[in-house]
Amino acid sequence: MPAYRPEEIEKKWQAHWKQHSTFQTQNHSDKPKYYVLDMFPYPSGAGLHVGHPLGYIASDIVTRYKRLKGFNVLHPMGFDSFGLPAEQYAIQTGQHPALTTDKNIETYVQQLSSLGFSYDWSREVRTSDASYYKWTQWIFLKLFNSWYNLDTNKAEPLTDLTARFAATGSDGIRAAGDDGDRLSFSAGQWQLFSEKQKLAAVLPYRLAYQQDTYVNWCPGLGTVLSNDEVKDGLSERGGFPVERRLMPQWNLRITAYADRLLAGLDQLDWPDAVKEMQRNWIGKSIGAEVTFPVQGSETAQIKVYTTRVDTIYGATFLVLAPEHDLVNELTTGAQRAAVDEYIAATKRRSERDRMTDVKAVSGVFTGAYALNPVNNEPVQIWLADYVLAGYGTGAVMAVPSGDQRDYLFAQHFGLPIPAISDAQKDLDQQADPTKEGRYINSGIINGLTYKEATPKLIAFLETQGLGKGKVNFRQRDAIFGRQRYWGEPIPIYYKDGTAYGIAESDLPLILPEIDEYKPTETGEPPLGRAANWLYKDKYPYELSTMPGWAGSSWYYLRYMDPTNEARFVSEEAEQYWGSVDLYMGGAEHATGHLLYSRFWYLFLKDLGLVSSGEPFQKLINQGMILGMSAFALREGNTSRSNTLLVAGSREPVLLNFGGHDDAVRAAFYSADSLAGKLFHSGKLEPEEGRASKFGQRHVPIDFIKGDHNLDAVGQIEFEKWLGERCVFVCDTTFWYDGVCYDIDTQKPAEKPEAFLVIREVEKMSKSKYNVVNPNVLIDKYGADALRLYEMFLGPLEQYKPWNTNGISGVSGFLKKLWRLFHPEDGDLAVTDELATPAELKVLHRAIQKVQEDIEKFSFNTSVSLFMITVNELTALKCHKRAILEPLVLLVSPYAPHLAEELWQELGHTAGSISHADYPEFREEFLVEDTVTYPLAINGKVREQMQFAVAATAAEIETAVLASDFLARFGEGKSAKKVIVVPGRMVNVVV
RNA sequence: GCCAGAGUGGUGUAAUGGUAGCCACGAGGGACUUAAAAUCCCUUGUCUUCACGGACGUACGGGUUCGAGUCCCGUCUCUGGUACCA
């Protein structure tokens, strides 16, 4: 074999692995198990870019390393194949999303294979396969047929609940959820209920339940979005406006698990940032619910939630959310008009306005008063949109001296701001939420401290029946329904207007074929188009489908037993694999997928279907690899607003966006429309306010740096690349057909002087023209080089910009490694000579360090060490089997193709490297000759002194005493004691 | 605003509290070559010195320590998350 040819070697081994199913894993083994999981991707049409494989490479290294260390490793891959983009594409083209998805998956599998990942492809799952989503639907039915018993603190089958209804009625049942929606009835009444009444009574107990809910309705997409899918009041996909709307929705009662989801975090080996995000998301707060009776009413009362019940004497008014139930009843005649107007104004304000307009104080007085339960003082009742209907009770007691928001409100409307603690300061300027000091103006708690006051007040309120301690969560139940086609059908049908779960034996409920993928003319979801889609030919099905996170909430279980038709996973397989030992994926799923998965797992555990405590023991977030975008700026321009033209658009769109150093970004533009506009209709005018809607477009960096620059050559080159006519526009000039024109006159102009190329680092994305395709790099350098380089870039968890330049370094390393085996690029030439101590030292340092590094996921430092090792062995002219064979094993997780090839050349069976044993580390080869310790007298370092590295503390002591240092530094005294800090310092006490 | 995390050469980065900058990229110089590619060798934190050397250097200001990039306090900047959550 001549020179190192990665392309040949890699093809050969990828084919070998595939043909021999080298990485197929058994569900039983004498070896200990280890489960390494990547977050499975959505197969987008754009294919993989260099950022995607980062985590896959790292997990593959761990997988291969663990195999060498004697583990039975499960390392599967699959596809989260339901999702919006395929559906959008279907709406545009009429092509069935399944076709698009299959095509994309094919590309993904090809790309993943070309990187040499050791997945067990026989276990591949796709969430859009009926054989998979059958079980997603099955779990949904389990949720639908369960309730959460607060007495046992777990989910239980609904049949247990109905049995209790029949025996003792609804009294004494404590279930998670809002009791306000539930009926109260006796056992006798229950017996008399019709079937429909029974189901209606049970519905508010179910873990999957239907309810009128305020949702993020996106008219542009014709669907409901989760909070995670809305950014700044616009849909994350497409950037369409989103509004609040009350709609009947399927919900999952994740709030029942809030406490357990919170407590479980402590046991997990996850990044602190992710745990903290989940904690904040769940948002547990400990406080009290206090009832304020309404003045002049026998029955009306307002419940507020507060975490600072100790400040209740400073509560000078109440504020209700405009949506609060009692608003109508409370409002007095005189205030009616003002209140109605305020509520109308609030409805007009979109969620987005509310968010961006946080500082403005608005509100209206209802005219009504409530009585402060601790002192019977009347307090005004106001409405304001800063109080959220969905949190707590939708009403707050306002304590202007203790809460800045209440303070601003009081100041704005001229309400009193009484002090309540002797420690409060500067109340003429701002609120002081201190818990220090002792209370004043505070009735029964005057003179007490915070710690004393809170329990006393809660006790007092409880005896009056006007309050109690209460825990609140910020987290809401998860909305579980999309008005979409390309998702799992919800296995529900309607009989007489009541929802029924379909029988388990009738699963899967297959997604029906429809002719168009849009909502129907009457506004029903796309499934409304399915002809004769009826359960038992009679009953209409639920028309919404499950959200994207449904299938991904349990896929890691299916990998354990992917083809089981009788069960979602067999008991034996589930018990053997347990939970995921290492989960690799992006931090962006912290409060979505990772929380939902834990929720489903806890639920399945309550039903006795899974056996571990948590699904993912260790989590690593690989950082994102960012793309480099470039903009050409002309220096010194300050006059015109910054203008960017959008690429690829048929419509001429001029965008205005925030200034970048007072310079103008260059842009390119589809020539079809622009040329016409430029040449026939006169001056270009920037159009305001559309930037956020259309986003920015970018020029690929290769076309404005280096030779091309932003000029005629660049413009023509860029056209070739883009495959369509285009115009470069910059400031007052533009290029078209290689000629520079003035924008205002459209006459040929002088080429502008200097351009500055500004680079910006941002997410890699097709629309930003900053994508680096891994295939190109694999073709040029090989997959092993790409794998090594991605690891070499820096710490795995770090976000970093992609830069292809450095790849030549790792490529050189592979060539040098090859040359250790093939000096002069000839045939394999390793010798059986005995290794020298120097060579053994190099090898064993590498064994030690690489092993340590993989265990702590520090892959970049390992790659550095490989390079040092090869450099040193080259310098030693070491071509000995005794050194090189272990080195191959060491490198094999990182560069598997090259390692396999060398392993075979060394005389081993083809493909056997993955079953070899990781080389053993031996410390004796690492011994240094001497080591230098700082030598201190009474803690003051006076000298550096050399000792044999193997010396014991006693030997060092002798050496120190024998030295002449005391004569020089000890002022003639003798040593009382010699303290040896191992490896650090020798301290002599005199 | 609040909660995390991070600030080290031209760049990516490395450094159990113990010689800061390992390993690479880039740059400069050299060898080989008709030439190029490939490969190999040397230099490369800043300032200063003909040179040997010296001084200064891990965002900024303090502190602990014999010794701080690392630990503590404060400030600034950046990144991510989150937001009228009562």
Side-chain angles (χ1 to χ4, degrees), chain A residues 3 227 271-281 283-285 287-290 304-309 311 315 318-319 321 354-355 357-363 384-388 390-399 402-406 408-409 433 472-476 587-588 590-591 621 623-624 626 761 788-789 792-795 797-813 815-816 819 824-825 852 858 860-871 874 931-944 981-985 987:
Chain A
N227 284 329
D272 287 339
V274 173
K275 290 207 236 182
E276 200 55 31
M277 266 189 253
Q278 292 208 346
R279 283 194 194 101
N280 292 339
W281 192 259
K284 183 175 185 170
S285 78
E289 198 171 88
V290 183
V304 302
Y305 178 73
T306 178
T307 54
R308 287 295 302 276
V309 69
T311 63
L318 301 186
V319 188
R354 278 205 197 182
M355 273 164 57
D357 199 16
V358 168
K359 294 284 176 307
V361 177
S362 77
D385 64 4
Y386 79 77
V387 178
L388 305 176
Y391 183 79
T393 58
V396 303
M397 64 176 209
V399 183
D403 181 285
Q404 184 61 16
R405 200 186 38 214
D406 295 342
L408 291 173
F409 195 87
N472 245 330
F473 294 95
R474 194 186 79 103
Q475 185 176 37
R476 305 267 70 89
E588 67 272 20
T591 54
N621 294 129
M624 198 181 289
L626 304 166
V761 169
L788 278 163
Y789 184 54
F792 182 67
L793 271 179
E797 308 197 53
Q798 194 163 301
Y799 280 56
K800 53 216 162 209
W802 177 263
N803 177 1
T804 303
N805 293 340
I807 199 168
S808 61
V810 290
S811 180
F813 155 74
K815 287 178 194 163
K816 286 180 205 167
R819 234 173 282 131
E824 312 299 323
D825 280 341
E852 249 176 47
S858 172
N860 54 326
T861 51
S862 279
V863 179
S864 293
L865 193 83
F866 283 141
M867 294 187 188
I868 296 170
T869 304
V870 167
N871 285 345
T874 306
V931 65
T932 303
Y933 287 132
L935 198 57
I937 297 173
N938 293 337
K940 283 255 186 251
V941 172
R942 297 296 179 87
E943 197 179 14
Q944 303 283 324
V981 183
R984 288 288 162 265
M985 188 177 77
N987 187 19

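Just so we're on the same page: letters track the sequence lines, and every chain starts at 1.
Annotation: B:C56 and B:C71 have their P atoms spaced 25 Å apart (nearest Å). Going from the P atom of B:C84 to that of B:U75 covers 27 Å, rounded to whole Å. Spacing of C1' atoms, B:A14 relative to B:C23, comes out at 8 Å, to the nearest Å. A gap of 13 Å separates the P atoms of B:A37 and B:G28, to the nearest Å. Distance noted for atom P between B:C78 and B:A27: 32 Å (whole Å). For the C1' atom pair drawn from B:A20 and B:U70, the interatomic distance equals 11 Å after rounding to whole Å. Of the C1' atoms belonging to B:C32 and B:C40, the separation is 9 Å, rounded to the nearest Å. Comparing the C1' positions of B:A31 and B:A35 gives an interatomic distance of 16 Å, to the nearest angstrom.
If you measure from atom CG of A:Leu793 to atom C1' of B:U11, you get 12 Å, rounded to the nearest angstrom. Atom CE in A:Met277 sits roughly 12 Å away from atom C1' in B:U79 (whole-Å rounding). The distance between atom CZ of A:Phe866 and atom C1' of B:A14, rounded to the nearest whole Å, is 17 Å. Distance, A:Asn803 CG to B:U13 P: 11 Å, rounded to whole Å. To the nearest angstrom, C1' of B:U79 lies 15 Å from CD of A:Glu588. When the P atom of B:C2 is taken as reference, atom CD of A:Glu276 falls 15 Å away, rounded to whole Å. Nucleotide B:U82 holds its P atom 14 Å from the CD atom of A:Gln475, rounded to whole Å. Atoms CZ (A:Arg308) and C1' (B:C85) sit 16 Å apart, rounded to a whole Å.
Counting any heavy atom pair closer than 4.0 Å across all strands shown, A:Asp272 reaches no nucleic acid atom. Base contact: A:Phe792 has a heavy atom under 4.0 Å from a base atom. Here A:Asn871 lies in heavy-atom contact (under 4.0 Å) with sugar-phosphate atoms only.
Mapping A:Ala273 and A:Gly394 onto RNA chain B via the closest heavy atom, the residue that lands nearer the 5' end is A:Ala273. Annotation: of the two residues near RNA chain B, A:Gly809 and A:Tyr799, the 5′-most nearest-nucleotide partner is A:Tyr799.
Here A:Asn280 does not reach the OP1 or OP2 of B:A4: none of its side-chain N or O atoms lies under 4.0 Å away. Between A:Tyr305 and B:C85 there is no side-chain polar atom (N or O) within less than 4.0 angstrom of OP1 or OP2. Contact annotation: A:Arg474 does not reach the phosphate of B:U82 (side-chain N/O to OP1 or OP2, under 4.0 Å).
Set against B:U82, B:A24, B:C25, the side chain of A:Met867 has B:A24 as its closest nucleotide. The side chain of A:Val387 has B:A86 as its nearest neighbour among B:G81, B:U82, B:A86. Of the candidate nucleotides B:A86, B:C25, B:A15, B:A15 has the atom lying nearest to any side-chain atom of A:Thr861. Of the candidates B:C23, B:C84, B:U13, B:C23 carries the atom nearest the A:Ser864 side chain, counting heavy atoms from C-beta on. Nearest to the side-chain atoms of A:Ile868 among the listed nucleotides B:C85, B:A14, B:C23 stands B:C23. Closest contact between the side chain of A:Arg405 and the listed nucleotides B:U82, B:C85, B:G12 involves B:C85.
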Annotated structure of RNA chain B as dot-bracket, pair cut-off 3.5 Å, Watson-Crick or G-U only, | for inter-strand, is (((((((..(((.....[....)))((((((.......))))))((((....))))..(((((..]....))))))))))))....
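Remark: side-chain polar atoms of A:Arg308 are not paired, donor with acceptor, to backbone N or O of A:Val399 under 3.5 angstrom. Distance alone, capped at 3.5 Å, is enough to place a donor-acceptor pair between the A:Tyr305 side chain and the A:Gly287 backbone. Judged purely by atom type and a 3.5 angstrom limit, A:Lys816 has no side-chain atom pairing as donor or acceptor with the backbone of A:Met867. A:Gln278 places a side-chain N or O within donor-acceptor distance of the main-chain N or O of A:Ala590, the cut-off being under 3.5 Å.
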Applying side chain to side chain contact (heavy atoms under 4.5 Å, CB included), run through A:Leu865 and A:Thr861 and close with a yes or a no.
CA-CA 6 Å; A:Leu865 193 83; A:Thr861 51; over 6 Å; no
Walk me through it: do A:Thr804 and A:Tyr789 pass the test side chain to side chain contact (heavy atoms under 4.5 Å, CB included)?
CA-CA 9 Å; A:Thr804 303; A:Tyr789 184 54; 5.7 Å; no
How far apart are the C-alpha atoms of A:Asn280 and A:Met277, what are their side-chain angles, what is the distance that settles it, and do they pass the side chain to side chain contact (heavy atoms under 4.5 Å, CB included) test?
CA-CA 5 Å; A:Asn280 292 339; A:Met277 266 189 253; 5.7 Å; no
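At least one side-chain heavy atom of A:Val319 sits less than 4.5 Å from a side-chain heavy atom of A:Tyr386.
Summarising the geometry of A:Tyr391 relative to A:Ser285, their closest heavy-atom pair is OH-OG, 3.2 Å, with the distance given to 0.1 Å. Of all the heavy atoms in A:Gly394 and A:Val387, the pair that sits closest is O-CG1, 3.5 Å. Across every non-hydrogen atom of A:Met397 and A:Val309, the tightest pair is CE-CA, 4.4 Å.
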In B/S/- notation, 5' to 3', how is nucleotides 36-44 of chain B contacted by protein heavy atoms closer than 4.0 Å?
---SS----
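Ring planes of A:Phe813 and A:Phe866: parallel class, angle under 30° (limits at 30 and 60°).
Base orientation for B:G54: anti, the chi torsion being more than 90° from 0.
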